[in-house]
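Bear in mind that the values here come from a model prediction, so they are computed numbers and not experimental data.
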Amino acid sequence: MNLRHTMKGRRTVTAVAIATGLVLTVAGCGGGGDDDKSSDKGSSSTPSAKGDGSDDEQDAQAPTTGSVLAEVKGENGLTLTVTSAQRDNGGFVTVEGTVVNNTGEAWVPANWLGDEKELANNGASIAGANLVDQTGKKKYLVLRDTSGRCLCTQFTGGVDEGATAQWFAQFPAPPESTTSVDFQVGSMPPATIELSEDE
């Protein structure tokens with residue numbers, strides 16, 4: 001009699017333990033589903049070209065959004081964005097970014113060339129850009145090669161209305177103690193940017 005009660009009690013405890021395990025497993029799976037839904041909600045705010053929400057497209061877009069160092073607007077609808085300002089091992093700083101033309105017409109960056117006579121053979125370019133080290137009170141101009149051509153982007157044919165063009169410009173590097181500078185070109189407002197080290 002005691003043996004039968006003992007066996008019956010053990011079966012009940014075992015059944016309860018199995019049921020509890022199954023409930024916890026189902027709850028764990030359900031919780032994972034909620035996490036996936038929440039991450040989907042978070043990523044749904046990221047636009048994709050086709051709107052299909054594929055992970056590959058969202059991953060490809062994320063660095064663009066997160067890498068903006070500065071953005072300024074001016075010159076009748078131009079938007080200048082700086083996406084990178086990296087020190088190179090050779091003692092240079094390479095600044096990169098984009099310019100968006102919302103002026104209502106095709107845009108040729110004539111006043112981005114600068115006033116120096118040596119830069120006249122650079123055409124429509126960003127050769128007149130400069131970096132200003134406010135701490136060291138120095139201004140750095142775009143580097144040139146031995147022919148006087150800037151180490152920078154030339155906007156061949158200009159930028160169409162509504163189009164985005166990428167650009168780069170190389171400068172002498174300020175001292176290691178300088179961690180931020182003001183980037184300025186043409187009549188665009190200055191953009192304060194943080195310098196990063198080459199890895």
*Are Leu80 and Phe155 connected, step by step, through hydrophobic side chains (Ile, Leu, Val, Met, Phe, Trp, Tyr) whose heavy atoms are closer than 4.5 Å?*
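Looking at the clustering, Phe155 is in the same group as Leu80.
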_ILVMFWY network linking Val159 to Val72, side-chain heavy atoms under 4.5 angstrom_ = yes
*Can you tell me how far OG1 of Thr83 sits from CD1 of Ile193, rounded to the nearest 0.5 angstrom?*
10.0 Å
_Let me confirm one number: the CZ-SG distance from Phe171 to Cys150, rounded to the nearest 0.5 Å._
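Result: 9.5 Å between the selected atoms.
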*Please name the residue in the list Phe168, Trp167, Tyr140 that meets the ring pair (Phe, Tyr, Trp, His ring centres under 6.0 Å) test with Phe183.*
Trp167
Partners passing side chain to side chain contact (heavy atoms under 4.5 Å, CB included) against [X] (at least two apart in sequence or in another chain):
X: Glu75; value: Leu78, Trp107, Asn111, Trp112, Ser187, Met188
X: Thr179; value: Glu194
X: Ala110; value: none
X: Lys73; value: Glu71, Thr79

Taking C-beta and beyond as the side chain, do [X] and [Y] meet within less than 4.5 Å on heavy atoms?
X: Pro174; Y: Val181; answer: yes
X: Arg87; Y: Glu197; answer: yes
X: Ile126; Y: Val142; answer: no

Under the side chain to side chain donor-acceptor pair (under 3.5 Å) test, which residues partner [X], sequence neighbours left out?
X: Asp182; value: Gln134, Thr192
X: Asp133; value: Thr178
X: Thr94; value: Asp88, Gln170
X: Thr135; value: none

*Apart from Leu151 itself, what residues make up its hydrophobic cluster when side-chain heavy atoms of I, L, V, M, F, W and Y under 4.5 Å apart count as a link, directly or indirectly?*
Phe92, Leu143
*Any donor-acceptor pair under 3.5 Å from Asn101 side chain to Asp160 backbone*: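 Indeed, once roles are kept as given, a pair shorter than 3.5 Å links the two residues.
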*Compare every heavy atom of Gly104 with every heavy atom of Glu161, then report the nearest pair and how far apart it is.*
OE1-N, 2.7 Å
*Are there more than 12 heavy atoms of other residues, nucleotides or ligands under 6.0 Å from atom CD of Gln166?*
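No, CD of Gln166 has 12 or fewer neighbouring heavy atoms, counting only those of other groups under 6.0 Å.
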